[in-house]
Amino acid sequence: VRLAPGALDEPASLALLAGHGLPVVPMRIARSAGEATAAAQAFGGDGTLAVKVVSPDVLHKSDVGGVRLGVRVGDVAGAYEEVVVNARRAMPQARIEGALVAPMVAGGVECILGVRNDPVFGSPFSTGIAGGNGIGVLTVVESTARSRYHGLTAELRRLVNPSFQY
């Protein structure tokens, strides 16, 4: 897979994963409070929703107040306005493209995946799982440059979780 330089936002990341056969949460991008409400209604049911700001400049959405979880359909417009205003207030120069609206899901495992190309380390990647509260409980960093950096990655793994058997 060839990607443009820089980080992918959440919608682009989900599309990439889905395009390679991985199951992802259905979502819609809203560019206004009205579109957010229409997206929420399109999912149907009485379930709750996640509303998250979409911006290529805001990588850690929760740090800027750009995430609302457990939102009812009738409250989606207000949640849209809230996450957009919070992100603009915290990062005035950020390009805000709208908000992602997705149904909340129960069960499953929350995970993180990161990868980059580096001239020294090769293509290091990180993977991790999180607990039900979203707090990371295990993250492992690996590198394709194992012959030179194997000791480094082994040490990083021990630092992450000294009791885990690798």
Side-chain angles (χ1 to χ4, degrees), residues 1-119 121 123-141 160:
V1 175
R2 283 191 127 13
L3 301 173
L8 292 179
D9 63 18
E10 186 170 358
S13 298
L14 291 172
L16 177 68
L17 294 172
H20 285 85
L22 294 167
V24 297
V25 174
M27 58 89 186
R28 298 223 175 146
I29 304 302
R31 302 202 189 293
S32 68
E35 285 185 18
T37 298
Q41 292 169 340
F43 288 120
D46 295 330
T48 58
L49 301 141
V51 179
K52 304 176 186 182
V53 71
V54 174
S55 169
D57 304 313
V58 181
L59 297 181
H60 301 283
K61 298 178 284 298
S62 60
D63 290 352
V64 300
V67 176
R68 284 277 313 274
L69 302 176
V71 180
R72 297 271 175 213
V73 172
D75 300 324
V76 167
Y80 173 93
E81 296 294 346
E82 181 182 331
V83 300
V84 168
V85 165
N86 288 346
R88 284 198 174 118
R89 187 175 295 136
M91 298 180 70
Q93 291 80 18
R95 295 166 289 166
I96 307 298
E97 297 175 354
L100 176 149
V101 178
M104 299 284 294
V105 295
V109 176
E110 183 178 349
C111 63
I112 182 171
L113 170 66
V115 66
R116 67 177 300 139
N117 289 319
D118 184 275
F121 291 102
S123 297
F125 63 92
S126 61
T127 58
I129 58 173
N133 58 4
I135 297 173
V137 295
L138 173 66
T139 301
V140 177
V141 178
V160 169

Of all heavy-atom pairs between Arg28 and Phe43, which one has the smallest distance, and what is that distance? CG-CZ, 3.8 Å
Is there side-chain contact between Glu10 and Lys61, with at least one heavy-atom pair below 4.5 Å? yes
For residues 67-84, which side-chain N or O atoms pair as donor and acceptor with protein atoms under 3.5 Å away, sequence neighbours left out?
| residue | atom | partner | partner atom | Å |
| --- | --- | --- | --- | --- |
| Arg68 | NH1 | Glu82 | OE1 | 2.8 |
| Arg72 | NH1 | Asp46 | O | 2.9 |
| Tyr80 | OH | Arg31 | O | 3.0 |
| Tyr80 | OH | Ser32 | N | 3.3 |

Pairs of donor and acceptor atoms involving the side chains of residues 90-107, under 3.5 Å and at least two apart or interchain, shall be tabulated with distances.
| residue | atom | partner | partner atom | Å |
| --- | --- | --- | --- | --- |
| Arg95 | NE | Asp57 | OD2 | 2.9 |
| Arg95 | NH2 | Asp57 | OD1 | 2.8 |

Nearest atoms (heavy-atom pairs only) where Leu49 meets Ala40: CD1-CB, 3.5 Å
